[in-house]
Amino acid sequence: MAGRITAASLATAAKLNRIWVKKATDLGLISPASLDGEDVIVVQVLAVVDQLVWPGDKRSRSETRALQIGLPLVVNTAREAISDPRTTRDTVLWIMQNDVKVTNSLGERAHFVIDTLGKRCAYSIPLGEWIATLPKGYEVPTTRRLTTPAEPGTAAEQPAAQLAAH
């Protein structure tokens, strides 16, 4: 990218108010000195997670929000998925009251929902889709792979084939 990414341009790329970029900075989740496309995803994840209310929990809108599993765990899991070669457009970040999970395919997602999630509540973030649709100039290495259709038999197809074999 030719120009430096500013907090304002990052907020615009994330389609959020600048207050979310400031909050992410204040929490130490991003560094204003070195903003990049990964930070767009981090701010988007923060904006969703910060507003979660679990069934049975009552909380005023002005009350400080705290996740039982911890915001750093959710953000770090999202960051790991951003650079994971198994990440696809179907990758979903699952946030549960006491756990975080990533699924990378429709099959993994179905297996997770049926066998693991059961009757528990979870919020899902379409992480792969968010990565694939990062604006021009904010792309991460995974963005190009997710937006370029793989040719049959190429290395880009192999991770999905390997997952299906397990």
Side-chain angles (χ1 to χ4, degrees), residues 1-53 64-109 112 122-151 154-163:
M1 175 165 187
R4 184 174 169 265
I5 297 176
T6 64
S9 65
L10 184 80
T12 300
K15 299 178 184 155
L16 294 166
N17 187 299
R18 275 189 276 184
I19 193 72
W20 291 108
V21 176
K22 180 178 179 352
K23 187 167 190 165
T25 301
D26 292 347
L27 291 169
L29 301 174
I30 63 174
S31 170
S34 60
L35 297 173
D36 60 18
E38 187 174 298
D39 295 319
V40 172
I41 303 296
V42 168
V43 171
Q44 289 174 317
V45 168
L46 170 64
V48 170
V49 172
D50 187 62
Q51 300 178 69
L52 295 181
V53 178
T64 301
R65 295 161 176 89
L67 280 178
Q68 290 179 358
I69 55 170
L71 185 58
L73 175 62
V74 175
V75 169
N76 288 335
T77 302
R79 282 190 190 277
E80 289 170 11
I82 290 169
S83 59
D84 188 333
R86 296 173 298 159
T87 295
T88 69
R89 268 189 107 105
D90 294 322
T91 295
V92 171
L93 177 68
W94 295 91
I95 302 160
M96 294 152 285
Q97 204 162 5
N98 58 0
D99 200 7
V100 180
K101 170 89 171 139
V102 174
T103 57
N104 291 306
S105 68
L106 295 175
E108 280 184 30
R109 188 185 310 177
F112 171 74
Y123 293 93
S124 64
I125 295 177
L127 203 58
E129 191 62 31
W130 286 4
I131 295 166
T133 58
L134 281 167
K136 185 173 174 58
Y138 294 87
E139 301 94 340
V140 294
T142 309
T143 305
R144 181 170 290 125
R145 183 174 52 79
L146 297 183
T147 57
T148 306
E151 294 182 26
T154 63
E157 269 197 344
Q158 290 175 354
Q162 291 169 350
L163 288 174

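All heavy atoms count here, side chains included; hydrogens, waters and symmetry mates do not.
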Legend entry - Intermediate values then yes/no, side chain to side chain contact (heavy atoms under 4.5 Å, CB included), Leu52 and Ile95: CA-CA 10 Å; Leu52 295 181; Ile95 302 160; 3.9 Å; yes

Inset, instruction - Can you see which heavy atom on Arg18 is nearest to which on Ala7, and at what distance? - result: CG-O, 4.2 Å

Legend entry - Those residues that, when tested against Thr12, pass side-chain contact (heavy atoms from CB on, under 4.5 Å) (two or more places apart): none

Inset, instruction - Please report the closest heavy-atom contact between Leu127 and Ala81, naming both atoms and the distance. - result: CD2-CB, 3.6 Å

Legend entry - Shortest non-hydrogen contact between Thr87 and Asn104, atoms and distance: CA-OD1, 3.7 Å

Inset, instruction - To the nearest 0.5 Å, tell me how far Thr88 OG1 sits from Glu108 CD. - result: 8.0 Å

Legend entry - Those residues that, when tested against Glu129, pass side-chain contact (heavy atoms from CB on, under 4.5 Å) (two or more places apart): Arg89, Pro126, Thr133

Inset, instruction - Check the pair Leu71 / Asp50 against side chain to side chain contact (heavy atoms under 4.5 Å, CB included), numbers first and verdict last. - result: CA-CA 8 Å; Leu71 185 58; Asp50 187 62; 6.0 Å; no

Inset, instruction - Starting at CG of Leu16, measure out to CG of Leu46 and round the result to the nearest 0.5 Å. - result: 9.0 Å

Inset, instruction - Write down the atom of Asp39, the atom of Ser34, and the distance for their closest heavy-atom approach. - result: OD2-O, 3.5 Å

Inset, instruction - Mind listing the closest non-hydrogen atom pair of Ile19 and Asn17 along with its distance? - result: N-OD1, 2.8 Å

Inset, instruction - Only counting residues at least two apart or in another chain, list the ones meeting side-chain contact (heavy atoms from CB on, under 4.5 Å) with Leu106. - result: Asp90, Arg109

Inset, instruction - Assess whether side chain to side chain contact (heavy atoms under 4.5 Å, CB included) is satisfied between Ile125 and Val92, documenting all intermediate values. - result: CA-CA 6 Å; Ile125 295 177; Val92 171; 5.8 Å; no

Inset, instruction - Kindly write out the residues that satisfy side-chain hydrogen bond (donor to acceptor under 3.5 Å, both in side chains) with Asp84, not counting sequence neighbours, or none if the list is empty. - result: Arg86

Legend entry - Shortest non-hydrogen separation from Val53 to Tyr123 and the atoms involved: O-OH, 2.7 Å

Inset, instruction - Output all residues satisfying side-chain hydrogen bond (donor to acceptor under 3.5 Å, both in side chains) with Glu38, sequence neighbours left out; order by chain, then residue number. - result: Arg79

Inset, instruction - Evaluate side chain to side chain contact (heavy atoms under 4.5 Å, CB included) for Val74 paired with Leu93, printing each intermediate quantity in order. - result: CA-CA 9 Å; Val74 175; Leu93 177 68; 4.1 Å; yes

Legend entry - Check: Phe112 ring centre within less than 6.0 Å of Trp94 ring centre: yes

Legend entry - For Trp130, all residues meeting ring pair (Phe, Tyr, Trp, His ring centres under 6.0 Å), sequence neighbours excluded: none

Inset, instruction - Calculate, to the nearest 0.5 Å, the distance between atoms CG and CD1 belonging to Leu10 and Ile30 respectively. - result: 5.5 Å

